[in-house]
Amino acid sequence: MFENLIQILKDNPRKIVFTEGPDARILEAAARLKKEGFLTPILVGNVEEVKAAASKGGFDIDGLEILDPATYPGMDEMVEKMVELRKGKMSAEDCRAALSKGNYFGTMLVKMGKADSLLGGATYSTADTVRPALQLIKTKPGAHLVSSAFILVRETGDEALKKICMGDCAINISYEDNVDKEGNVTLSAAQKLAEVAVETAKTAKAFGIDPKVAMLSFSTKGSGKGGTVALSAEATKLAKEMAPEFAIDGEMQFDAAVSPTVGQLKFPGSKVAGYANTFIFPLIEAGNIGYKIAQRLGGYDAYGPILQGLNAPINDLSRGCNADEVYSMAIITAALV
């Protein structure tokens, strides 16, 4: 998978901004990227602090661009642009204060074309990475929400399941209807989950998976009632309408999704049941627990969360990440441009 992504980056030179320049894990990954030469890192932070941290860790970042919000020559232009983007919701003073922080500053570098993509979250929370992206980068045309997916890879086991995709495991806590002041539903919970399914299928395809999408539940084809069963069933119908080019089916239990014997017994005739490789969870609890079980007990390496629905590739790291994970996520993020 990474050989293909690296080749994309070799063919299309790109820049990625790291919002936490002084962090040792970021510096180690940036030094590795600099040495290998297929992706150009930009580090955000105080120049002397970043260089001192690199020297302490023995990381060669000579020649890499280090941008400090406190001394950035284009700050006035950046503030003006942010005020325009926030449309009266933030004053110039508010914008300048926000841009003094690496997460907002880095996001505006992407918005203004100074970088192609962004990776943050080594010290920032997920919310602190996603919020600037929603406010400044915004969702792409046709998208109503930001969601996430994980790519999971392992070397052993069933050939068809060596590379799988799961969503949403990190962003949307649950799915509820959007209702206007008159009580009319403007965007249903099922529409949201269907959109997550379609975006996750696109992510899977981008990483070399031919997506067979299972809308997961504790019920298969109406065998159970209550909970999120109706949500998953309705979202399945909508997702099929939204993206007829993808194989999507549900609602189904996980065993029906991955076991051909169980799948065809419980869901006869389904092109997905028994052969799924892309899994959509109806709640974040299930998604987050599910991918971590796969990672810790199933022997998968997990890459993500990969954010979906934004106008530019911006991704979030786990605060418990290591330098290898930063390096991998930088490649994944930049290759999505």
Least distance between heavy atoms, A189 atom then D177 atom: N-OD1, 2.7 Å
CE-OG1 distance between M215 and T278, expressed to the nearest 0.5 angstrom: 11.5 Å
Any D94 side-chain heavy atom under 4.5 Å of R86 side chain: no
Any side-chain heavy-atom pair of D23 and F18 under 4.5 Å: no
Any donor-acceptor pair under 3.5 Å from Q264 side chain to S270 backbone: yes
CD/E36: more than 12 non-hydrogen atoms of other groups inside 6.0 Å: yes
Min side-chain heavy-atom separation K205-K202 under 4.5 Å: no
Name of the residue among D168, T228, I284 meeting side-chain contact (heavy atoms from CB on, under 4.5 Å) with Y175: D168
Minimum side-chain heavy-atom gap M75-P69 below 4.5 Å: yes
Over 12 foreign heavy atoms within 6.0 Å of CD, E285: yes
Same apolar cluster: M78 and L134, side chain cutoff 4.5 Å: yes
Flag for T126-D316: side-chain donor and acceptor within less than 3.5 Å: yes
Lys/Arg N to Asp/Glu carboxylate O, E199 vs K140, below 4.0 Å: yes
Shortest non-hydrogen contact from K15 toward K114: CD-O, 3.8 Å
I26 side chain reached by L317 side chain, heavy atoms, under 4.5 Å: yes
Exam field: side chain E20 to backbone G121, donor-acceptor pair closer than 3.5 Å: yes
Test ring-ring contact (aromatic ring centres under 6.0 Å, His included) applied to Y303 and Y327, F207, F2, the passing residue: F2
Donor-acceptor pair, side chain of T333 and main chain of L119, under 3.5 angstrom: no
Path from I248 to I209 over hydrophobic side-chain contacts below 4.5 Å: no
Non-hydrogen side-chain atoms of P313 and D116 separated by less than 4.5 Å: no
Backbone of A330 reached by a side-chain donor or acceptor of N315 within 3.5 Å: no
Stepwise side chain to side chain contact (heavy atoms under 4.5 Å, CB included) test for R25 and E28: CA-CA 5 Å; R25 297 163 294 176; E28 183 176 345; 5.9 Å; no
K10 and Q7, any side-chain heavy atoms less than 4.5 Å apart: yes
Short side-chain to backbone donor-acceptor contact, R154 and G298, under 3.5 Å: yes
Sidechain N-carboxylate O distance under 4.0 Å for E195, K192: no
Where T129 and G120 come nearest, the two heavy atoms and their spacing: OG1-C, 3.9 Å
Passing option when T220 is tested against Q253, E251, K266 for side chain to side chain donor-acceptor pair (under 3.5 Å): Q253
Side-chain donor or acceptor of R14 paired with backbone N/O of S117 under 3.5 Å: no
Rounded distance (nearest 0.5 Å) linking atom CD1 of I289 with atom CG of L283: 10.0 Å
Closest non-hydrogen atom pair between L39 and A334, with its separation: CD1-CB, 3.6 Å
Side-chain donor or acceptor of D249 paired with backbone N/O of A214 under 3.5 Å: no
Joint cluster assignment, I16 & Y104, ILVMFWY side-chain distance < 4.5 Å: no
Partner set under side chain to side chain donor-acceptor pair (under 3.5 Å) for K162, not counting sequence neighbours: E159
Where at least one partner belongs to residues 61-89, residue pairs that pass ring-ring contact (aromatic ring centres under 6.0 Å, His included), sequence neighbours excluded: Y72-F105
Atom pair CG/NZ of L310 and K138 - distance to nearest 0.5 Å: 11.5 Å
Separation of L5 CG from I332 CD1 (nearest 0.5 Å): 6.5 Å
Stepwise side chain to side chain contact (heavy atoms under 4.5 Å, CB included) test for E77 and E80: CA-CA 5 Å; E77 179 189 0; E80 184 179 340; 5.6 Å; no
Basic-acidic side-chain contact under 4.0 Å: R32, D324: yes
Sidechain N-carboxylate O distance under 4.0 Å for D60, K35: no
Non-hydrogen side-chain atoms of M82 and L136 separated by less than 4.5 Å: yes
Nearest non-hydrogen partners of V326 and C321, listed with the distance: CG2-SG, 3.8 Å
A201 to V213 - nearest heavy-atom pair and separation: CB-CG2, 3.8 Å
K89 vs Q135, side chain to side chain contact (heavy atoms under 4.5 Å, CB included): CA-CA, chis, key distance, verdict: CA-CA 10 Å; K89 295 177 181 177; Q135 292 176 347; over 6 Å; no
Check against side chain to side chain contact (heavy atoms under 4.5 Å, CB included), E93 and V79: CA-CA 9 Å; E93 185 179 343; V79 169; over 6 Å; no
Gap between atom OG of S328 and atom CD1 of I151 - 0.5 Å precision: 12.5 Å
Greater than 12 external heavy atoms within 6.0 Å of E245's CD: yes
Residue pair K51, E48: steps toward the salt bridge (charged side-chain N to carboxylate O under 4.0 Å, His left out) verdict: CA-CA 5 Å; K51 288 183 175 180; E48 295 307 315; 5.1 Å; no
Shared-cluster residues of Y300, by chain and number - hydrophobic side chains joined below 4.5 Å: F150, L152, L161, I164, M166, L216, F254, V258, F279, F281, Y291
Common cluster, M90/L109, ILVMFWY with side-chain heavy-atom separation under 4.5 Å: yes
V196 with L231, same ILVMFWY side-chain cluster at under 4.5 Å: yes
Side-chain donor/acceptor of S219 to backbone N/O of S223, under 3.5 Å: yes
CG on L145 to CD on Q191, rounded to 0.5 Å: 11.0 Å
